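Small disclaimer: the values here were computed from a predicted structure and weren't measured.
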Amino acid sequence: MILITKILALFMLVTLNTPLIAADETTIDWSSAKEIKSLIKLKLEPQNGEVTYGPNFAFSDKLISDKFSEVYLSRIVDPEDEEHYVLFITTLHNEKNWRAYNQAARKNGDALSIVTISRTEDVTNNDKIYKHEERLAIKMGFIEFADSSSIGLDLIISGNKTDNIKIPSSYFLAMLQTM
């Protein structure tokens, strides 16, 4: 329960900072760890500890941005000095039903822990009205995080709909370089 509370607090922190970096994320070279690293933010939070979060990967590709409004990777070093890696995903859509994602796995079949943070109806984003907003958190272990820095992350999330998100190794490498 404490981890879920920390994830929720972190998600709020990341969401509040989105407008500050959105303009730069639309023009970034996502294959360049150096460019990605320049957009990574580090914050010290009294309750959450050290929080590092990457830029919004949803801006990387039209196919991704059509399905997801936010895709962020965060690294949390809590006050007890434990590290957590969380991928935050937000989807805005006008489909009849919720997507209700409840499974996450790497393409090689390794399952990842997924939590639905919130589901909200009738949301306005950038002057557009959406029927559904779903916010997710996917916890990654250090092994998955480190592997992704060399091979990238080919993530499959599923529920009432199945989607694939491919995040290049440069994104994870840039996060590793900020440690």
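- Side-chain atoms of Asn56 come within 3.5 Å of backbone N or O of Ser69 as a donor-acceptor pair.
- Judged by distance alone, the side chain of Thr91 and the main-chain N or O of Lys67 form a donor-acceptor pair under 3.5 Å.
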Quiz item: What do the steps show when you test Glu133 against Arg135 for salt bridge (charged side-chain N to carboxylate O under 4.0 Å, His left out), and what is the final call?
Solution: CA-CA 7 Å; Glu133 175 188 71; Arg135 294 178 179 221; 3.2 Å; yes

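- Rounded to the nearest 0.5 Å, atoms CE (Met140) and CG (Asp110) are 10.5 Å apart.
- With rounding to the nearest 0.5 Å, the separation of CG in Leu153 from CZ in Arg106 is 6.0 Å.
- Here the straight-line distance linking atom CG of Leu112 with atom OH of Tyr85 works out to 14.5 Å at 0.5 Å rounding.
- Counting all heavy atoms, side chain and backbone alike, Val77 lies closest to Glu83 at CG2-CG, 3.8 Å.
- Phe142 and Ile40 fall within the same hydrophobic cluster, where Ile, Leu, Val, Met, Phe, Trp and Tyr residues are linked whenever their side-chain heavy atoms come under 4.5 Å apart, directly or through other members.
- Here the side chains of Ile117 and Leu136 are not in contact, with every heavy-atom distance at 4.5 Å or above.
- Of all heavy-atom pairs between Gly54 and Tyr72, the closest is O-CD2, 3.0 Å.
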Return all side-chain donor-acceptor pairs below 3.5 angstrom for residues 169-179, not counting sequence neighbours, or 'none' if the list is empty.
{"from": "Ser170", "atom 1": "OG", "to": "Trp30", "atom 2": "O", "distance (Å)": "2.5"}
{"from": "Tyr171", "atom 1": "OH", "to": "Pro55", "atom 2": "O", "distance (Å)": "2.7"}
{"from": "Tyr171", "atom 1": "OH", "to": "Leu73", "atom 2": "N", "distance (Å)": "3.2"}
{"from": "Thr178", "atom 1": "OG1", "to": "Met175", "atom 2": "O", "distance (Å)": "2.6"}

Exercise. Would you please test Trp98 and Glu121 for side chain to side chain contact (heavy atoms under 4.5 Å, CB included) and show each step?
Key: CA-CA 10 Å; Trp98 295 101; Glu121 291 185 277; 3.4 Å; yes

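- In this structure, the side chains of His132 and Arg119 stay at 4.5 Å or more apart for every pair of heavy atoms.
- For Lys161, the salt bridge (charged side-chain N to carboxylate O under 4.0 Å, His left out) partners at least two apart in sequence or on another chain are Glu95.
- Leu92 contributes atom CG, which lies 14.5 Å from atom NZ of Lys131 (distance to the nearest 0.5 angstrom).
- Taking the side chain as every heavy atom from C-beta outward, Thr162 and Ile156 approach each other to under 4.5 Å.
- Residue Glu134 holds its CD atom at 9.5 Å from OG1 of Thr120, rounded to the nearest 0.5 Å.
- Tested against Ile165, the residues Leu87, Ile89, Leu63 include a single side chain to side chain contact (heavy atoms under 4.5 Å, CB included) partner, Ile89.
- Counting heavy atoms from C-beta outward, Ile138 and Leu155 have side chains that approach closer than 4.5 Å.
- Closest heavy-atom contact between Ala137 and Val86: CB-CG1, 3.8 Å.
- Within a 6.0 Å sphere centred on CD1 of Ile129, other residues, nucleotides and ligands contribute 12 heavy atoms or fewer.
- Two residues are said to be in side-chain contact when any heavy atoms from C-beta on lie closer than 4.5 Å; His93 and Arg99 meet this criterion.
- When all heavy atoms of Glu144 and Gly141 are compared, the closest pair comes out as OE1-N, 2.7 Å.
- The existence of a salt bridge linking Lys43 and Glu50 is excluded, since no basic side-chain nitrogen approaches an acidic carboxylate oxygen closer than 4.0 Å.
- In the displayed structure, Asn126 atom CG is contacted under 6.0 Å by at most 12 heavy atoms of other residues, nucleotides or ligands.
- The side-chain heavy atoms of Ile114 and Tyr101, taken from C-beta on, include a pair separated by under 4.5 Å.
- Judged purely by atom type and a 3.5 angstrom limit, Ser32 has no side-chain atom pairing as donor or acceptor with the backbone of Asp29.
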Exercise. Under the side chain to side chain contact (heavy atoms under 4.5 Å, CB included) rule, what do Phe57 and Ile36 come out as? Steps first, then yes or no, please.
Key: CA-CA 10 Å; Phe57 186 72; Ile36 295 168; over 6 Å; no

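- Note on Val71: it clusters hydrophobically with Ile28, by side-chain heavy-atom contacts below 4.5 Å among ILVMFWY residues.
- Rounding to the nearest 0.5 Å places CD1 of Ile167 at 8.0 Å from OG of Ser148.
- Applying the side-chain hydrogen bond (donor to acceptor under 3.5 Å, both in side chains) rule to Asn160 yields no partners; only residues at least two apart in sequence or on another chain are considered.
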